[in-house]
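Since the structure comes first, as structure tokens, the remarks are kept for the end.
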Amino acid sequence: MLLNILSLHPLKKLVVQLFESINELQPILFSLKSKGFSIGFVPTMGALHKGHLSLAEQAARENTVVVMSIFVNPTQFNNAEDLEKYPRTLASDVKLLQVSAVSEQLLVYAPNASDIYDQQIASEKFDFNGLENEMEGKFRAGHFDGVGTVVKKLFKLIMPQKAYFGEKDFQQLQIVKTMVQKEQLPVEVIGCPILREPSGLAMSSRNQRLTEVQRNEAALIYKVLKKAKTVFSEKSITAIEDDVKNTFENNPHLTLEYFQIADENTLKPAFNKETNTKYRAFIAVFAGDIRLIDNIALN
Ligand code: AMP
């Protein structure tokens, strides 16, 4: 199905086109590329929010055409219930893209699993230089093989010059950069800053599922990250980590899965502070069955 949505913006004519099949999208991409247009790609799982839009806006500033994929990728979910409950809101996503006017030409690719996976919905196995064994990799078995699989397939289908990923999923960003290097894919991977709610809570599609109480309580996640940054130069890493654990032990609404200070490049846990090393604090917290992640640069 190809749906053409023309939206009249006060200043420019904007086009959002929705494609459910790569066979419909690819000829248009080839034609745009043959005219010398550059393609900026923003992969998402939909339930769009301002964080996603900020990626598309950056892609629009740096390319002629923006392609955004909206696909809830089954192979990156380690938990069937999480996959089932993941919000799917394609019609309102397309409307949001239309009214937000992020790009003069925006192609939305929202495929079915069969368009991406042919016969078998399964992951390729990757070696991401050990990045996949830390943090999210420890707690979400197979997650990064699923991410690598879908991103590689999408890169090969879309063939963008640049692709935009949020620092919100910092480990994913490093893993995609590593994959592109190892597999020599002709894409420049660009990291974009984390967008937050006024409370500091990192924007996330999963936030839609939070109750009002959980949403208010979840502001604690960014508070502890900011505090870790403030005290990083004076306190030891173990003292900071212990403080964070104690803070969550006293909270009845949030359960800490991990808080870890790590080398930003290797993602290995840090025990001492070395000069010339960039550190980040990473956190995963459950509010009921809703899993939230966030991170912050410390130095
Ligand atoms: P998702 O739909 O959650 O898979 O996210 C799609 C892309 O949007 C990923 O590159 C995420 O890192 C990025 N993203 C998600 N939330 C945010 C946010 N709050 N700020 C910036 N980027 C984000």
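As a basis for the values below, the full set of heavy atoms in this structure was taken, side chains included, without hydrogen atoms, waters or symmetry mates. Atoms within each ligand, like the ligands themselves, are counted from 1 in listed order. The structure presented is a predicted model; accordingly, all values stated were derived computationally and were not measured.
- Cation-pi contact between K273 and F232: present, with separation from the ring centre below 6.0 Å and deviation from the ring axis of at most 45°.
- Geometrically, ligand 1 and M203 share a nitrogen or oxygen pair separated by less than 3.5 Å.
- In K50, the NZ atom is not crowded: 12 or fewer heavy atoms of neighbouring residues, nucleotides or ligands sit closer than 6.0 Å.
- E257 pairs in a side chain to side chain donor-acceptor pair (under 3.5 Å) with only one of the listed residues (R140, R291, K138), which is R291.
- Of the heavy atoms in H49, only side-chain atoms (C-beta onward) come closer than 4.0 Å to ligand 1.
- Looking at S204 against ligand 1, nothing comes within 4.0 Å, counting heavy atoms.
- Under the rule for a side chain to side chain donor-acceptor pair (under 3.5 Å), D145 has no partner lying at least two apart in sequence or in another chain.
- In terms of protein heavy-atom proximity, atom 21 (C) of ligand 1 is nearest to P193 O, 3.3 Å.
- Remark: R206 is not positioned above the aromatic ring of Y86, lacking an NZ or CZ atom under 6.0 angstrom from the ring centre and at most 45 degrees off the axis.
- Residue A202 has no nitrogen or oxygen atom sitting less than 3.5 Å from a nitrogen or oxygen atom of ligand 1, judged on distance alone.
- Using a cut-off of 4.0 Å between Lys/Arg side-chain N and Asp/Glu carboxylate O, K245 and E249 are scored as not salt-bridged.
- Atoms of ligand 1 lying under 4.0 Å from at least one heavy atom of I194, given by number and element, are 20 (N), 21 (C).
- Heavy atoms of other residues, nucleotides or ligands lying less than 6.0 angstrom from NZ of K162 number more than 12.
- The proximity of F170 to ligand 1, defined as any non-hydrogen pair under 4.0 Å, does not occur for either the backbone or the side chain.
- In this structure, Y86 is part of the shell of residues with a heavy atom less than 4.0 angstrom from ligand 1.
- The N/O atoms of M45, backbone and side chain alike, include one that comes under 3.5 Å of an N/O atom in ligand 1.
- By the 4.0 Å N-to-carboxylate-O rule, K125 lies too far from E132 to be salt-bridged with it.
- Residue T44 has no N or O atom closer than 3.5 Å to an N or O atom of ligand 1.
- Below 4.0 Å from some heavy atom of F165 lie the following atoms of ligand 1, by number and element: 10 (O).
- Geometrically, ligand 1 and L55 share no nitrogen or oxygen pair separated by less than 3.5 Å.
- In A47, neither the side chain nor the backbone holds a heavy atom less than 4.0 Å from any atom of ligand 1.
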Does the ring-ring contact (aromatic ring centres under 6.0 Å, His included) test come out yes or no for F139 and Y258, once each step is laid out?
-> CA-CA 9 Å; F139 290 92; Y258 65 78; 5.3 Å; yes

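- Using a 4.0 Å cut-off between heavy atoms, V42 makes no contact with ligand 1 at all.
- Between atom 5 (O) of ligand 1 and the options E197, H52, K168, the minimum heavy-atom separation is to H52.
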